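Structure first, then comments.
Naming: A, B, ... by sequence-line order, numbering from 1 per chain. Just so it is clear, the values below take in all heavy atoms, side chains as well, and ignore hydrogens, waters and symmetry mates. Worth saying up front: this structure is predicted, and the values here are computed from it rather than measured.
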There are 4 protein chains.
Amino acid sequence: MQIQARVKDQSLISEKRRQILEGAIQVFKRKGYHKATVREIAEEAGISLGSIYDYVNSKDDILYLFFDGYATTFFEKVRSRASKIADPLRRLEIAYRAFLEVAMELEDQVMLSYTQARYVQKDYLKVILRKESEIVEHFKRIIDELGKGPFDPFLEANFLVYSGVFGVLRRWILRPRYGREEIIDYLVQTQVQEMIRRIQGKTIRNSEFGMRSNQ
Amino acid sequence: MQIQARVKDQSLISEKRRQILEGAIQVFKRKGYHKATVREIAEEAGISLGSIYDYVNSKDDILYLFFDGYATTFFEKVRSRASKIADPLRRLEIAYRAFLEVAMELEDQVMLSYTQARYVQKDYLKVILRKESEIVEHFKRIIDELGKGPFDPFLEANFLVYSGVFGVLRRWILRPRYGREEIIDYLVQTQVQEMIRRIQGKTIRNSEFGMRSNQ
Amino acid sequence: MQIQARVKDQSLISEKRRQILEGAIQVFKRKGYHKATVREIAEEAGISLGSIYDYVNSKDDILYLFFDGYATTFFEKVRSRASKIADPLRRLEIAYRAFLEVAMELEDQVMLSYTQARYVQKDYLKVILRKESEIVEHFKRIIDELGKGPFDPFLEANFLVYSGVFGVLRRWILRPRYGREEIIDYLVQTQVQEMIRRIQGKTIRNSEFGMRSNQ
Amino acid sequence: MQIQARVKDQSLISEKRRQILEGAIQVFKRKGYHKATVREIAEEAGISLGSIYDYVNSKDDILYLFFDGYATTFFEKVRSRASKIADPLRRLEIAYRAFLEVAMELEDQVMLSYTQARYVQKDYLKVILRKESEIVEHFKRIIDELGKGPFDPFLEANFLVYSGVFGVLRRWILRPRYGREEIIDYLVQTQVQEMIRRIQGKTIRNSEFGMRSNQ
DNA sequence: AATGAATGAGCATTCATTCAT
DNA sequence: TATGAATGAATGCTCATTCAT
């Protein structure tokens, strides 16, 4: 889905749109999509109000661009941390951990994505959902390699992804009590480890499992 | 938190507010809180525009009343299905199943609750969150009775509740593929059964576990 | 100008209208005619909202009734204090002093009358102005008896009446500094005494002039 | 007290505000502040409804701007006609005459100022009253130079100013009968001349007094 | 390409008035 | 007669979008 711009220079378009999105995210974070005004976004982006419409056709477009950029970034970040480790058990853990870390890194965007999704126009929504489902597919492929378990792997993958944003979506209740790592460990052990057990009947011991992937 | 009404008759207030909320939920479902107009809510509720303001002081109040009613109803429904069964293992399963069923029953409201929560005014939000956390407490108490497990029971309870709305929040992707019962069974078995296992080290066999609680 | 009432009983009408006006004056004082709501007037009057419309046809009517009542009361009060003293010099002073005292007594109504007059409907306005001009006529007649002076007596009478509400209309600046009597004496001596001097060429000595008429 | 504008260009702001005020005064004259709608003001001002809010934050602001502009203009006009004549007797007469002429020149604004003053917001009111009291101070200073009279000079100054708008506030009754000059002469002779007499014991003969100051 | 002033459709809210009980 | 719930026209204000410069 290509958004039309009045301006021709492609590299200028990318640069300005990046600027606009940066501003928009700040404003969306503060007040959500609806209460955000284009004026405020322009100010936050350090661009003139009129100029926004040289790069975007409507306020809706900004939301779409946000989702589009977010989905792309998210997926790329997760994939870039994918390991080449052959062992599918470790691969799943590492991929999930990467997902959790990226979700926390982009927590504002994740939050926005889950609360503002319904406001993108129908035709845009499809594009976004297609992108979002790539991440589910990514996990499904890894799960498939584990072998056949008692549940449909697509369902498992969907729940895994859903579980992965628990720390972000419930942060207002979790944050004051639990540290980032605590939540990550909890999720890795209760979701990934148990998924592996139920598919392969194996229990991975803590000594070899649950180590932080970074550092 | 009491919402003032211009009208005195309490039973009339309840009745009209119910009517208003019914209309509001329809409209919120279609367009979300912000795009919903009070006019449209009035129409949908079969009440005149001006009359809405006899029962409610602002559009914000309608959102608050929705959340308040939703949280109360939800909790009551879940609690009303609580069993007197002494066995804490079965109690947890039955409570969780009840939660899942109520969430699906009230799916529109659950959905709204998760996407529109940020739009309630700050002072109202506190009241609502207090109510919502009761449900977490409810599960925490049941979990506590299982004994001491490897994770903080409040964290476990929070995740359990979060997992319980998976089927609703992801319905657009799950619905076309999986039936209600399939999702319920999946969640009961992967979340409750495995939680029990990790706390008590017991595995409940499928033959005695995972049966539908209704019928 | 007769205001129609839905109710027949004349004495009931008078009584209720008095009640309504009492409430209305309180509210008008607080917020002026426009910001006063009929609901608030009803509350203040201790009468039901709907019932107001049994005695009055519109909010405008209330304003008219206020002016009508005010003008009548004012004139009657001033006239009732008129003396039978034959000396026209003393008569003028006594009448003016009576006017000042009544204006201060009814200061809220005087104030309302001067600030809200423009909001009565055109056809009502005529009736009110006719009544108000009676008071000017009253003074003109007294002035006429003084003899022929250098200025048109109607102009003199008008200014006299205008000067008489100085203490009320400027009370926010005068009140903190000057007492009631101080203002009255100032006006009597500068307006009445000098008017007499310019008409009759006489100066009334303070010993025989400027004494308070009451007590 | 500075009113914020969305627009930056100061000279544009002045120009448009002038335009808005011009329109507002027309509408206020016709229906008073409350019945005036912003829509109507916009039309009368030849500006779009939305644009009004680029120069003003609320309808209240328009009223404030009116008062502020009026008080400033009035004072400047009066002061600009102040003479350098050393004789304080003549100075008082000339200043009063200037006041009367300005009041009649700005009669619509004077009228509005006296009837709509109560509708400005509290915090704005202070600013306006401070400005208005400058004119009283102006006269008090001139009176002070006449010497010590029987009454408090601040009280005298206040009444003088009050008397000065008689012709405007009572125009509906005076206008059909008396000309502008007739009213001016009446006020000058009865208020200023007699004030001088009572302070200095002098009578200024008509031959040297009461001549029009212009032409 | 960039700017920001101008536009007006759209919305929440108020309140005089009506009318069923 | 009295009551107060119901009605909807009217109004202040916002904000996405356009367009002249």
Need one value for A:A42: base, sugar-phosphate or nothing, where a base atom within 4.0 Å counts as base even if backbone is also close, heavy atoms only. nothing

Compare all side-chain heavy atoms of B:L65 with those of B:Y124 and state whether any distance is below 4.5 angstrom. no

When all nucleic acid strands are considered with a 4.0 Å heavy-atom cut-off, which category describes D:N57: base, sugar-phosphate, or nothing? nothing

So which nucleotide does E:dT13 pair with, by the Watson-Crick or G-U wobble rule with both distances under 3.5 Å? F:dA10

What's the CD-C1' distance between D:Q10 and E:dA5, to the nearest Å? 15 Å

Atom NE2 of D:H34 and atom C1' of F:dA10: how far apart are they, to the nearest Å? 15 Å

Let me know, please, whether D:R6 or B:D60 comes out on the 5' side of the other along DNA chain E by nearest nucleotide. D:R6

Go through E:dT13, E:dA5, F:dA6 for me and flag the one nearest to the D:V7 side chain. E:dA5

Side chains of B:D61 and B:Y55: is there a donor and an acceptor less than 3.5 Å apart? no

Does a side chain donor of either D:Y33 or D:D60 reach within less than 3.5 Å of an acceptor in the other side chain? yes

Base, sugar-phosphate alone, or nothing: which one does D:K35 contact when heavy atoms must sit under 4.0 Å apart? nothing

Taking OP1 and OP2 of F:dT1, is either one under 4.0 Å from a side-chain nitrogen or oxygen of C:Y55? no

Is the shortest side-chain N/O distance from C:Y53 to OP1 or OP2 of E:dT17 below 4.0 Å? yes

Mind checking if B:T37 touches a base, just sugar-phosphate, or nothing, with heavy atoms under 4.0 Å? sugar-phosphate

Compare the minimum distances between each of F:dG8, F:dG4, E:dA6 and the side chain of C:S48, then state the nucleotide with the smallest one. F:dG4

Scan C:A5 against the nucleic acid and name what it touches under 4.0 Å (heavy atoms): base, sugar-phosphate only, or nothing. nothing

pair D:I47-D:I41: side-chain heavy atoms closer than 4.5 Å: no

B:V38 side chain, from C-beta outward: closest of E:dA12, E:dT17, E:dC15: E:dA12

Roughly, in whole Å, what's the span from CD in C:E15 to C1' in F:dA2? 15 Å

Considering heavy-atom distances to DNA chain F, does D:A36 or B:I52 have its closest nucleotide positioned more toward the 5' end? B:I52

Whole angstrom is fine here: how far is it from CD in D:E43 over to C1' in E:dA6? 16 Å

Out of F:dG4, F:dT7, F:dT17, minimum distance to the side chain of B:S51 belongs to F:dT7

Would you please say whether a donor-acceptor pair under 3.5 Å links the side chains of B:D123 and B:Y64? no

Apply the test side chain to side chain donor-acceptor pair (under 3.5 Å) to residues C:K16 and C:S51: give CA-CA distance (whole Å), side-chain angles for both, the deciding distance (0.1 Å), then the verdict. CA-CA 9 Å; C:K16 292 285 183 172; C:S51 209; 5.5 Å; no

Counting only side-chain nitrogens and oxygens, does B:K16 get under 4.0 Å of the OP1 or OP2 atom of F:dA6? yes

Can you tell me how far C1' of E:dA1 sits from CD of A:Q19, to the nearest Å? 14 Å

Once you round it to whole Å, what is the distance between C1' of F:dA6 and CD1 of B:I47? 9 Å

In whole Å, I'd like the distance from the CD1 atom of D:I20 to the P atom of F:dC13. 13 Å

Determine whether a donor-acceptor pair (one donor, one acceptor, N or O, separation below 3.5 Å) exists between the side chain of D:R39 and the base of F:dG12. yes

Closest to side chain of A:K59, choosing from E:dT3, F:dA5, F:dA16: F:dA16

Select from A:L12 and D:D54 the residue whose nearest nucleotide in DNA chain E is closer to the 5' end of that strand. A:L12

Quick one: C:L63 CG to E:dA16 C1', roughly how many Å, whole number? 15 Å

